[in-house]
Trainee: 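The structure's right below; bear with me while I get my questions together.
Just so it is clear: chains get the letters A, B, ... in the order the sequence lines come, proteins before strands, and each one is counted from 1. Just the heavy atoms: all of them, side chains too, but no hydrogens, waters or symmetry mates, feed the values below.
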Amino acid sequence: MRTAFERLTRRAEFRRLTRARRSSARPGLVLQALRRPDGEGEARVGLTASRRVGNAVRRNRARRRLRALAEKVIPLHAKHGHDYVMIARVGTADRPFSALVEDLETAMKRLNVWRDD
RNA sequence: CCAGACGGUCGGAUGGCCGCCUUUCGGCGCAGGCAACUGCUUCGGGGGGAGGAAAGUCCGGGCUCCACGGAAGCACGGUGCCGGAUAACGUCCGGCGGGGGCGACCCUAGGGAAAGUGCAACAGAAAGCAUACCGCCCGCCAUCGCUUCGGCAACGGCAGGUAAGGGUGAAAAGGUGCGGUAAGAGCGCACCGCGCUCCCGGCAACGGGAGCGGCAUUGUAAACCCCACCGGGAGCAAGACCAGAUAGGGGCGGCGUUCCGGGGCUUCGGCUUCGGAAGGCACGUUUUCGGGCUGCCGCCCGGGUAGGUCGCGCGAGGCGUCCGGUAACGGGCGUCCCAGAUGAAUGGCCAUCGAACGCCCUAGCGGGCGGGAACAGAACCCGGCUUACAGACCGUCUGGCACU
RNA sequence: CGGGGUGUAGCUCAGUCUGGUAGAGUGCUUGCUUUGGGAGCAAGAUGCCGCAAGUUCGAAUCUUGCCACCCCGA
């Protein structure tokens with residue numbers, strides 16, 4: 001699908017970010033970030049929700065909320081040339097949206113990928 | 001009005017802002033083409049966008065590939081009262097038998113045990129062509145005792161008759177009652193059950209009636225089995241196409257190979273195995289030199305690769321209506337086109353209304369406050385089954401109470 | 001998404017086909033042995049047989065429906 005940003009779809013890409021071991025866990029989500037080898041282009045985002053989050057309805061809902069969250073925050077504040085993976089947690093589907101925004105912003109600052117312009 | 005039974009429909013609503021998938025129309029641009037047009041990018045408008053279970057994957061089909069002369073049989077698996085519906089089914093409809101409920105109604109794997117085999121632990125005398133532990137009864141013998149001296153005889157022994165009663169068990173070979181008897185027994189009779197024959201009703205399952213028999217035939221087939229019917233296997237990660245890749249390694253078989261040495265076999269023609277050299281290949285700057293690899297074909301193992309397009313949305317299709325049928329369902333006519341994703345669209349945020357539920361007030365009706373919607377997300381499609389599910393509404397019917 | 005398998009003692013598994021008694025190893029408890037520990041010896045405890053219905057007189061075992069876990073498939 002096309003959104004305000006490029007999506008990660010290949011399993012190998014997800015595994016590359018996981019191996020990088022650069023992540024920040026917040027109550028509503030876990031953020032992984034990695035600079036691409038070329039360091040060029042728009043930020044790309046992947047979303048994932050494991051069976052631990054709940055049944056299919058809860059997993060879909062958590063992933064959709066993360067997608068809406070990314071559409072709102074990533075194009076404005078994420079550093080270019082990086083790949084990001086947002087992992088849903090158990091509380092993602094129920095947490096207030098404003099709290100999720102704070103979670104993502106805090107995580108981005110801790111990983112030093114915040115762009116303030 | 002209360003309690004209940006059955007069938008069906010729905011399963012949060014409205015609006016605002018920002019987005020997503022798909023389809024269609026129009027415009028600009030690019031590419032291909034003589035052209036019709038096609039494809040791509042972008043902008044704008046219109047249409048459509050989760051379920052009754054999308055779930056579990058328990059059955060049945062379509063579709064695809066694989067296998068296979070046809071057909072039948074065997075093996076294995078499944079189904080199992082009768083009739084019908086259907087593409088088919090283990091589903092559905094109508095009926096029958098059995099069980100439950102005052103009733104509406106509900107439940108029911110419900111063929112065959114006189115074709116054969118197996119099993120029935122423990123207990124009990126005995127568990128399947130029955131048997132006799134305690135007991136009951138008769139006869140004979142004999143002792144104690146009693147005696148009116150004729151006998152009567154407890155207890156015991158022997159020989160029989162019994163299946164009433166006791167006891168065991170899930171189950172003990174018809175049940176209840178009356179008669180009968182030494183005691184008993186379908187020994188006789190009545191009713192019930194069972195079996196056989198005949199008649200009547202029904203397409204049938206089966207039901208009703210009459211007569212006869214005199215009780216034979218324990219249970220278990222979700223034990224083997226018998227009978228009847230059905231079934232080739234795997235699954236859209238099927239399968240097809242495009243792009244890319246198919247390197248190095250191991251095993252087996254076949255073909256091919258110059259020389260030397262060792263071993264084995266030999267029908268002395270050779271065959272086979274191991275090692276080395278030559279030759280060949282590519283590499284290191286060229287020669288020298290150095291290390292490395294070892295031909296071809298087929299099969300297998302193992303390893304690597306894991307992108308895209310199609311399949312993939314007109315169908316046993318939905319809705320309305322009429323006709324046939326008790327019904328499941330079938331037929332005619334009209335009308336509609338109605339999800340197609342692939343790290344996976346159908347959403348995010350906000351506002352208003354709001355069911356369940358909780359608390360408070362009230363005799364009750366009702367009111368106030370809080371609260372904020374069950375189970376759950378298409379993944380090739382369709383027909384069923386099963387399981388999960390807050391609640392709302394409609395219809396038909398049953399029982400009870402009150403009133404007319 | 002599709003296909004297959006397994007649930008029994010704390011752990012690893014028999015028993016299920018062919019229905020009546022639930023077992024082995026290890027671990028655990030107690031005692032003996034030893035100065036003490038380990039090893040060894042002896043005794044003992046331990047299970048709604050994953051859950052629920054059904055068939056049967058009787059179910060870990062047979063049938064059906066659920067639940068959990070594991071494996072495989074371009």
Side-chain angles (χ1 to χ4, degrees):
Chain A
M1 57 178 285
R2 296 283 181 268
T3 50
F5 45 84
E6 194 97 2
R7 288 284 292 275
L8 295 179
T9 58
R10 301 268 73 84
R11 174 168 167 77
E13 295 168 330
F14 280 83
R15 286 183 56 79
R16 193 165 59 83
L17 266 78
T18 301
R19 271 197 302 273
R21 306 182 70 83
R22 189 179 171 207
S23 68
S24 174
R26 310 298 305 160
L29 59 95
V30 177
L31 180 69
Q32 296 177 328
L34 183 66
R35 188 173 180 274
R36 284 205 297 277
D38 52 16
E40 305 282 329
E42 298 274 319
R44 299 192 303 170
V45 178
L47 307 172
T48 187
S50 74
R51 282 181 60 188
R52 189 177 158 72
V53 174
N55 61 23
V57 173
R58 287 184 64 82
R59 293 201 303 273
N60 280 338
R61 179 165 173 79
R63 206 180 318 115
R64 285 162 177 163
R65 296 190 84 201
L66 289 182
R67 194 181 72 214
L69 183 64
E71 285 169 357
K72 188 173 179 181
V73 176
I74 295 291
L76 295 178
H77 295 299
K79 277 191 179 175
H80 299 303
H82 284 63
D83 288 341
Y84 303 90
V85 168
M86 298 165 71
I87 302 170
R89 309 192 71 181
V90 174
T92 304
D94 300 318
R95 195 166 167 81
F97 196 75
S98 57
L100 283 180
V101 173
E102 284 180 31
D103 287 340
L104 178 58
E105 289 176 352
T106 306
M108 288 169 70
K109 285 169 181 168
R110 289 199 175 189
L111 294 180
N112 202 24
V113 293
W114 181 261
R115 179 167 59 85
D116 207 2
D117 56 26

Trainee: For B/A50, does the O4'-C1'-N9-C4 (purine) or O4'-C1'-N1-C2 (pyrimidine) torsion place it in syn, i.e. within 90° of 0, or in anti?
Mentor: syn
Trainee: Anti or syn, where syn is a glycosidic angle within 90° of 0; which label fits B/C338?
Mentor: syn
Trainee: Just name whichever nucleotide pairs with B/G33, Watson-Crick or G-U, keeping both distances under 3.5 Å, else none.
Mentor: none
Trainee: Does a side-chain heavy-atom distance below 4.5 Å link A/Val45 with A/Leu47?
Mentor: yes
Trainee: Nearest of B/A376, B/G343, B/C349 to any side-chain atom of A/Phe97?
Mentor: B/C349
Trainee: For B/U162, which nucleotide in any strand shown is its Watson-Crick or wobble partner with both distances under 3.5 Å?
Mentor: B/G135
Trainee: Are more than 12 heavy atoms, taken from residues, nucleotides or ligands other than A/Arg22, located less than 6.0 Å from that residue's CZ atom?
Mentor: yes
Trainee: For B/A376, does either OP1 or OP2 sit under 4.0 Å from a side-chain N or O belonging to A/Arg61?
Mentor: no
Trainee: When you compare the protein's N or O atoms with those of nucleotides 48-56 of chain B, which come within less than 3.5 Å of each other, and at what distance?
Mentor:
none

Trainee: Would you mind pulling out the nucleotide paired to B/G118, Watson-Crick or G-U wobble, both distances under 3.5 Å?
Mentor: B/U220
Trainee: With a 3.5 angstrom cut-off on both distances, give the Watson-Crick or G-U wobble partner of B/C349, or none if there isn't one.
Mentor: B/G16
Trainee: What integer distance in Å separates A/Asn55:CG from B/A374:P?
Mentor: 12 Å
Trainee: Whole angstrom is fine here: how far is it from CG in A/Asp94 over to C1' in B/G372?
Mentor: 14 Å
Trainee: Below 4.0 angstrom, N of the basic side chain to O of the carboxylate: do A/Arg58 and A/Asp94 qualify?
Mentor: yes
Trainee: Any side-chain N or O of A/Arg65 under 4.0 Å from OP1/OP2 of B/G19?
Mentor: no
Trainee: A/Arg58 or A/Pro96: which one's nearest nucleotide on RNA chain B is closer to the 5' end?
Mentor: A/Pro96
Trainee: Please, what dot-bracket string fits RNA chain C when only Watson-Crick and G-U pairs with both distances under 3.5 Å count, crossing ones use [ ] and pairs to another strand use |?
Mentor: (((((((..((((......[..)))).(((((.......))))).....(((((..]....)))))))))))).
Trainee: Partner of B/G320 by Watson-Crick or G-U wobble geometry, both contacts under 3.5 Å, or none?
Mentor: B/C333
Trainee: I want to verify the glycosidic state of B/G151; is it syn or anti under the 90° rule?
Mentor: anti
Trainee: Which label fits B/U294, syn or anti, where anti is any glycosidic angle not within 90° of 0?
Mentor: anti
